[in-house]
Every structure is written in structure tokens, then in C-alpha cells.
Amino acid sequence: MSNKIKELLLGSIMLIFSVGYFYFSLEINTRSDVIDSRTFPYILSCLMLVLSLWQLANAFFLDSSKQSKGINDKDYATVIKTAFSIIVYIYFFEDIGFIIMSLLFLFVMFVLLTPQIYKPKYPMYLSIATFTSVAIYVIFRYGLDVLLPQGIITVI
Amino acid sequence: MMELFYNGFANVLTPYCFILMILGTFVGIVFGAIPGLSSVMAIALFLPVTYGMDPGQGIAVLIALYIGSVSGGLISAMLLKIPGTPASIATCFDGAPMVENGQGAKAIGVGVFFSCVGTLISIVALIFISPTIAKVAIQFGPHEFFAIAFFSLTMIATLSSGSMVKGVFSGALGLAFSTVGMAPIDGATRYTFGSLELSSGFNILTVMIGLFAVSEVIKMAEGAKNATNTTVAKVDMNVKGMGFSIKELYGQITNAVRSSLVGLGIGILPGIGAGTSNLVSYTISKNQSKTPEKYGKGCIDGIIASESANNASVGGALIPLMTLGIPGDGVTALLLGAFMVHGIAPGPLLFQNYGDLVYTIFVACIVASFLMLFIEWYGMRIFAQVLKIPKHILLPIVFVLCVVGAFALSTRIFDVYAVILFGIVGYFFISFRIPQAPFVIGFVLGGMTEINFRRAMMLSDNDVSSFFLHPISGTFIAITAFVVCSMVFKNYRKSKLNNTIAN
């Protein structure tokens with residue numbers, strides 16, 4: 001992706017956000033006062049709108065032959081799998097419980113993030129994931145009185 | 001006074017109290033170092049332990065916890081690029097690059113030493129001029145608070161290295177996120193989309209964890225498979241002294257004193273604390289530096305600015321608490337609770353009626369500063385061992401701790417979702433090379449800016465000139481205008497010079 005396209009994309013995202021922010025500011029209950037709850041969001045949305053147009057203008061005049069640095073080195077497949085793992089972990093965090101979900105999450109992340117030059121050590125990863133999840137739960141629940149979701153394990 | 005100091009030392013240096021303070025400082029450092037845990041949590045957990053103790057000793061232990069936790073944030077900020085507490089956000093900017101450049105021991109030594117210096121400077125102010133400072137602080141009204149917030153927000157431009165447009169947009173975005181929830185004054189709901197959880201807005205801790213921790217994990221995932229090195233960071237703690245020379249120490253005196261005074265000033269004002277002071281001090285230091293281009297790439301000036309200020313805010317926050325009985329932040333609110341549990345009412349008569357207790361607290365602050373220095377410096381040898389854990393094992397565990405910290409805030413899964421949201425925002429920033437610091441400043445100061453602006457306008461019947469007519473706010477606005485003009489002039493001269501060189 002060229003630098004120009006990347007910067008234009010950024011400017012577009014900024015513009016969409018600014019317009020969205022302004023649009024939803026119209027739903028704020030307003031009073032007849034000069035300064036009310038809508039004033040600050042209104043000023044901010046105008047500022048962001050100006051900045052996004054400025055960004056688009058700057059991007060328009062960039063040299064389209066220059067490439068973005070390091071874009072080809074990024075492993076987006078692992079990023080997507082990591083993001084998916086995080087979402088699943090959080091989604092089932094309360095229902096399934098902290099210990100089980102953290103154990104599964106840690107194990108999956110250890111395997112996902114192991115560099116290709118190393119072989120994943122599944123038994124070790126499982127042991128570390130189990131120990132860490134239980135230890136964190138016990139320390140926080142009984143040592144620091146922080147409630148963490150029990151989920152389906154109700155004996156602890 | 002000397003007799004009171006002597007009694008204070010006698011109270012604090014009893015074996016029982018001293019051992020508890022060592023433990024308190026160590027636990028505080030651990031709480032500060034783990035992202036997701038905070039000073040408030042540490043003190044809330046240990047407050048019941050102090051109920052049965054002598055008031056002076058109980059409060060001494062809590063102060064040791066406070067000082068340890070504020071400084072402990074630098075450990076994860078430098079080693080993991082994730083600030084342990086909001087007070088160490090700015091420490092990340094130069095601490096982490098120094099560790100990457102093989103100067104980890106120097107970065108840590110500088111951070112720990114000047115944390116101690118910042119605390120001591122604020123304690124001197126607390127001991128000798130706290131009633132005077134409190135009298136000035138009480139004159140701060142909405143106009144003055146707005147002027148300070150406005151001044152701090154304009155510093156965003158200083159932090160916008162590279163692209164001013166992106167930096168200012170980042171700051172505006174932070175301000176925008178701070179408007180989510182119930183509006184100040186009239187309570188109108190903004191950007192809640194009918195959600196009850198969004199009515200209370202976002203917490204700074206979720207913003208910090210998401211922006212720094214989650215984005216770091218996702219960033220790591222980008223290059224995980226192709227990595228050849230699994231070490232998080234290498235820190236060789238076998239250095240002479242604390243890793244920096246006497247010449248470097250002398251060269252940083254101005255920076256340290258200025259940053260400590262900024263931290264002290266900000267710490268005194270209720271509602272603003274170490275979370276803001278480290279960022280404001282960093283931007284002022286960068287603005288005043290002859291080599292601002294070195295900031296963000298690994299220079300000790302940035303670390304000193306951040307760590308002196310955040311620890312100086314500790315003494316600053318104790319000033320309104322002890323002289324006026326007004327807590328400045330969550331931690332001092334808990335300390336106020338500690339006073340009241342022991343049947344002591346902080347305020348103007350505290351110094352008169354409880355002289356022994358007051359000087360015990362002063363001595364506890366001094367002793368805790370040195371305990372923090374020794375425990376953190378020598379304890380780094382233990383912390384450095386944690387770095388031997390491979391990255392792909394350590395970072396997911398840190399992420400789980402961050403999730404626990406976010407959940408523990410209010411026992412709501414919403415806060416964890418908020419962490420994910422800000423993680424996405426953080427990754428977006430990294431991908432498009434948008435600076436994160438302005439976002440944090442905008443978020444932290446947004447609420448304060450708006451509420452004080454609206455209050456000031458209500459008090460002055462929508463008369464904008466009132467900001468210039470109040471002496472303190474007028475002074476701050478004049479300083480802001482001067483700083484903005486000098487920045488614009490500097491940029492103009494720089495671009496003219498660049499054009500001349502190009503021609």
C-alpha cells in the first residue's frame with residue numbers, strides 16, 4: 001500500500017468519525033442557554049472535521065510512488081486470530097468463568113505467538129496456563145478480595 | 001520543630017513500624033508495576049490492616065504504599081512498554097526506547113533516583129510552606145481550573161512529533177471520548193446509545209490498559225511468527241552506582257526541580273493528580289529543552305520530567321488534605337478515611353492539635369522515599385529475572401492481569417469491553433503513526449476543561465472576558481498565548497531553515 005493511499009484512508013476514517021460525532025451530538029438534549037451540554041461536542045466535531053479535511057488535503061499532495069514501511073512484514077493472519085481469541089475470551093468470561101476461560105485463552109495465545117523457529121511445547125504451555133489461571137484467581141479472590149467470575153466452577 | 005521531628009523519627013523507626021513500611025513500600029511497588037492494579041486498590045486493601053495500629057504508624061504504612069505504588073509504575077512502563085499506573089504514562093515514551101537501546105539500567109536508575117528527588121522536594125514544601133500554599137490553592141475557582149486545563153491541552157501540540165494534524169486530532173479524539181456519558185452540570189446523556197453502562201463514561205485505567213497493553217499484544221502478534229528473539233528486554237543491572245554519572249546528575253538539576261514544582265502544583269489542585277502531572281511535566285520539559293527532537297527516542301530528560309513530577313504530586317496531594325481536609329484524588333480520599341477512623345479530623349487545626357502525628361507523617365514520607373529508592377533499585381535485580389520469560393508467554397499473562405484489573409474496577413464486564421475498544425484505538429494509532437500521548441491528555445483533561453468552562457461562564461453570565469480579568473486565570477492564558485506564539489515562531493524558523501538548506 002502506498003503512503004498516499006494510507007494517508008488518504010486515514011483522512012477518510014477521520015472524516016467519517018467527525019461526521020458521526022457531529023451527527024450524534026444533535027441528539028443531545030439542549031437548552032436555550034448559549035453554553036450547554038452540546039457546546040463542547042459541537043466545538044470538538046468542528047475541530048475534528050477541519051483536521052480531517054486538512055489531512056485529506058495533505059495526503060492528496062503526497063508522492064504516490066512511496067511505499068509504506070514494513071507493511072509486507074506484518075502477519076495479519078496471526079493478528080486476526082489474536083483479536084478473535086481476545087473477543088471470545090471476553091465474551092465468555094462471565095458465563096464460563098475466569099479460570100477456564102483464562103486457561104484456554106493463555107494456552108491458545110502461547111501456541112499462536114510461538115515463533116516459527118521454535119516448536120510449541122504443548123504440555124508446558126498447558127501447565128503454565130493452568131497454574132497461572134488458578135494462581136491469579138486464588139490471589140485476587142482470597143488475598144485481595146477481588147471478585148472474579150466463577151462461571152461453571154462454583155466449588156472455588 | 002526539631003523536637004517534633006525527633007518524636008516523628010522515634011515513632012517511625014520503631015522495628016514494628018519500620019518493617020511494616022518496608023513491606024508497604026514493596027507491596028506498593030508491586031501494585032504500581034502490574035498494569036491493572038493501582039494505588040487506590042493497594043491502599044483500599046491495606047486500610048483495614050491499619051485500624052488496630054497507632055494512628056501515626058498506620059498512616060505511615062499507607063503513605064509507604066502510596067509512594068511505592070506511584071513510583072512502581074515505571075518498571076512496567078520501561079520494561080514492557082505498558083505503564084503500570086496512569087502516573088507513568090510519560091515514562092514509557094523515553095524509558096522503553098532506552099531499554100531497547102541497551103541502556104535499561106541507566107533508565108531505571110534515573111527513574112528511581114529522580115522519583116525520590118521529586119518526593120523529597122514536595123515533602124520540603126509540605127513541611128515548610130503547606131499552609132501558605134493551601135491559602136493560594138483555595139483561591140482557585142472554575143476560571144483558574146479552566147485556564148490550567150487549557151494550558152495543558154495546548155501542550156498537545158508539543159507532543160505531536162511528526163504530524164501536527166495527527167497529534168491534534170489524537171488530542172481531540174481523547175476529548176471526544178471524555179464526553180461520553182452524563183454531561184456535567186445538567187446531566188444530559190451523551191453518546192450513550194441507550195446503554196446504562198456508557199452513562200458513567202470510561203475510566204482512565206481502561207483507556208490506559210487498552211491503549212498500551214492490548215495494542216502491545218496485538219502489535220506483538222504482527223511479528224510473532226517471524227520473530228527470532230523471544231526476549232522481552234535485556235537489562236544488565238551490573239552497573240556502577242545507579243547507571244548515570246555525576247555530570248549527568250548536575251545537568252538535570254533544573255529539569256528535576258522544574259518538573260517537581262509542576263508535579264507539586266498539579267498535585268495540590270483537587271481533581272488533578274499524578275496521572276496528569278507526568279504528562280504536563282514531560283511536555284513542558286520537551287518544550288524548554290534545547291534538543292526536543294531527542295524526546296521519545298530514549299533520553300533521560302523525559303524520564304526525569306515524568307518521574308519527578310508524578311512523585312512530587314504525592315506531597316502536593318497531601319497539602320490540601322492535611323491543611324484543609326480536602327482530598328485531591330482517590331488515594332487521598334482513602335487517607336482521609338484513615339484519619340477519620342482514628343478519630344482525627346484533618347484541617348487547619350491538625351498542625352495545632354496533633355503536632356506529633358503531623359511530624360510523624362512528614363518523617364514517614366521522607367523514610368518511605370528512601371525505602372522506595374533502595375527497594376526499587378535493588379529489587380530490579382529480581383524484576384529483571386521476569387524479563388527472561390519469553391515474550392510469547394509473558395505478554396499474554398500480562399494481558400490477563402490487565403483484564404482482571406479492568407474487571408476489578410467495578411466488577412463489570414463492560415470495563416473489559418472498554419479495554420478491548422481502546423486496544424483497537426491504540427492499534428489504529430500505531431498503524432497510522434498517530435501519537436498516543438495527546439489522546440491520553442485530552443481524555444484526562446476533557447472533563448475538567450468542560451465542567452470548569454461551563455461553571456465559569458455561568459458565574460460570569462457568559463462573559464468570556466472574565467477569564468482575562470481573574471488574575472490567576474489571566475496569567476495562565478497569557479502564558480499559554482506566549483507558549484503557542486513561540487512554538488509557531490520556532491516552527492516557522494525551522495521550516496525556513498530547512499527550505500534554505502534544500503535550496
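Per chain, numbering begins at 1; letters A, B, ... match sequence-line order. Keep in mind it's a predicted model, so treat the numbers as computed, not measured.
Looking at A:V146, only its side chain comes within 4.5 Å of chain B, counting heavy atoms on both sides. Interface residue A:S37: backbone and side-chain heavy atoms are both found under 4.5 Å from chain B. The contact between A:Y91 and chain B is made by backbone and side chain atoms together, counting heavy-atom distances below 4.5 Å. Residue B:F407 touches chain A through its side chain alone, counting heavy-atom pairs closer than 4.5 Å. In this structure, no portion of A:S45 lies under 4.5 Å from any heavy atom of chain B. Contact of A:V50 with chain B is not made at all, since no heavy-atom distance falls under 4.5 Å. Of the atoms belonging to B:I424, not a single heavy atom falls under 4.5 Å from chain A. Looking at A:I43, neither its backbone nor its side chain comes within 4.5 Å of chain B, counting heavy atoms on both sides. Proximity to chain B is limited to the side chain of A:L44, based on heavy atoms less than 4.5 angstrom apart. Using a 4.5 Å cut-off between heavy atoms, A:F140 contacts chain B through its side chain alone, with no backbone atom that close. Residue contact with chain B, scored on non-hydrogen atoms closer than 4.5 Å, involves the backbone and the side chain of A:L10 alike. Contact of A:I90 with chain B is made through backbone and side chain together, with heavy-atom distances under 4.5 Å. Contact annotation for A:T132: only side-chain heavy atoms (C-beta onward) come within less than 4.5 Å of a heavy atom of chain B. The contact between A:L148 and chain B is made by backbone and side chain atoms together, counting heavy-atom distances below 4.5 Å. Heavy-atom distances place no part of B:F46 under 4.5 Å from chain A, backbone and side chain included. Interface residue B:I397: backbone and side-chain heavy atoms are both found under 4.5 Å from chain A.
For the residue pair B:Y427 and B:E222, a side-chain donor N or O sits within less than 3.5 Å of a side-chain acceptor on the partner. Side-chain contact, B:S460 with B:D463: no donor N or O sits under 3.5 Å from an acceptor N or O. Counting only N and O atoms by type, the side chains of B:Y417 and B:T206 include no donor and acceptor under 3.5 Å apart. Of the N and O atoms on the side chains of A:S102 and A:Y89, at least one donor lies less than 3.5 Å from an acceptor on the other residue.
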Take B:H143 and B:S466 through the side chain to side chain contact (heavy atoms under 4.5 Å, CB included) test and state the conclusion after the steps. CA-CA 8 Å; B:H143 293 85; B:S466 62; 3.0 Å; yes
Could you walk me through whether B:F414 and B:L198 pass the side chain to side chain contact (heavy atoms under 4.5 Å, CB included) test, one step at a time? CA-CA 9 Å; B:F414 168 77; B:L198 278 171; 3.6 Å; yes
May I have the step-by-step check of side chain to side chain contact (heavy atoms under 4.5 Å, CB included) for A:F92 and A:I100, ending in yes or no? CA-CA 10 Å; A:F92 291 108; A:I100 295 176; over 6 Å; no
Determine, stepwise, if the pair B:Y191 / A:F24 fulfils ring pair (Phe, Tyr, Trp, His ring centres under 6.0 Å). CA-CA 7 Å; B:Y191 307 101; A:F24 287 111; 7.0 Å; no
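No more than 12 heavy atoms of other residues, nucleotides or ligands shown are found within 6.0 angstrom of OH on A:Y23. No more than 12 heavy atoms of other residues, nucleotides or ligands shown are found within 6.0 angstrom of CZ on B:F26.
In terms of heavy-atom pairs under 4.5 angstrom with chain B, the leader among A:A77, A:S133, A:S18, A:P149 is A:P149. When A:Q55, A:M14, A:E94 are compared by the number of non-hydrogen pairs under 4.5 Å with chain B, A:M14 comes out ahead. Between chain A and the options B:G187, B:A176, B:A188, the largest number of non-hydrogen pairs under 4.5 Å is found for B:A176. Ranking B:T192, B:L401, B:V419, B:T411 against chain A, the residue ahead of the rest is B:L401, based on heavy-atom pairs under 4.5 Å. Counting heavy-atom pairs closer than 4.5 Å to chain A, the top-ranked of the candidates B:A183, B:A172, B:G423 is B:A172. Here B:V403 is the residue among B:V403, B:I218, B:V214 with the most heavy-atom pairs under 4.5 Å with chain A.
Among residue pairs with one or both ends in residues 34-61 of chain A, those qualifying as ring-ring contact (aromatic ring centres under 6.0 Å, His included) are A:F22-A:Y42; sequence neighbours excluded.
Ring centroids of B:F177 and B:F422 are separated by less than 6.0 Å, placing the two rings close together.
Salt bridge annotation for A:E7-B:K166: present, with a cationic side-chain nitrogen under 4.0 angstrom from a carboxylate oxygen.
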